[in-house]
Amino acid sequence: MESLPPSAEASAPETGQDDEAMRLRLAALAEERDAARDELVRIRRVRDVDALARHHQFSDAEYLGYLCERDNVALEDAAACQYFMDALRERSPRLFRLSLEPGAPGGISSAKAAVPAAPSGAEGIVRLLADAPELF
């Protein structure tokens, strides 16, 4: 059996320690990489759910994310998202915001027509006194 030169024998234990240190470092880096990849997937999903909620005027994006996760909705498939949101709107319309405009449906002119003009002057005072309740 051939013996190793003295310099090689001295470095053999160090190489074993270096290999172990490198394996530990590699495992730590792989774990970091996997965590970063998972976080990126989560961030993209949250972004897609937020966009879906805005597009369909859904009131709670976090709850929509839960519902999409529960029902395994593929957020990349526009047709599947549309079908899911239509079914959800049918089941739970209270979860969606309504697009309402302020004011009366007929506009200002219909509001003015509904309220009669108050009489002015002496006629108005006479009418107010006639409609007033008696205290005694």
**Q.** Rounded distance [0.5 Å steps], CZ in R42 versus CZ in R37
**A.** 15.5 Å
**Q.** For L52 against C68, the heavy-atom pair lying closest together
**A.** CD2-SG, 4.2 Å
Q. Can you pull the side chain to side chain donor-acceptor pair (under 3.5 Å) pairs that have at least one residue in residues 82-93, sequence neighbours excluded?
A. Q82-D86
Q | Residue pair A80 / A74: nearest heavy atoms and the distance that separates them | A | CB-O, 4.4 Å
Q: Using the side chain to side chain donor-acceptor pair (under 3.5 Å) rule, collect all pairs that involve residues 56-69, keeping only residues at least two apart or in two chains.
A: R45-E69
(Q) Which residues pass the side-chain contact (heavy atoms from CB on, under 4.5 Å) test with L29, not counting sequence neighbours? (A) R25, E32
Q: Indicate the atoms forming the closest heavy-atom contact of F84 with L64, along with that distance.
A: CE2-CD1, 3.9 Å
Q | Heavy-atom neighbours of E20 CD exceed 12 at 6.0 Å | A | yes
**Q.** Spatial distance of atom CG (D19) from atom CG (L24) [nearest 0.5 Å]
**A.** 11.0 Å
Q: Dump the intermediate steps for side-chain contact (heavy atoms from CB on, under 4.5 Å) on M85 and F96, then the final yes or no.
A: CA-CA 10 Å; M85 294 304 289; F96 292 84; 3.6 Å; yes
Q) Hey, what do you get for CD (E31) to CG (L26), rounding to the nearest 0.5 Å? A) 11.5 Å
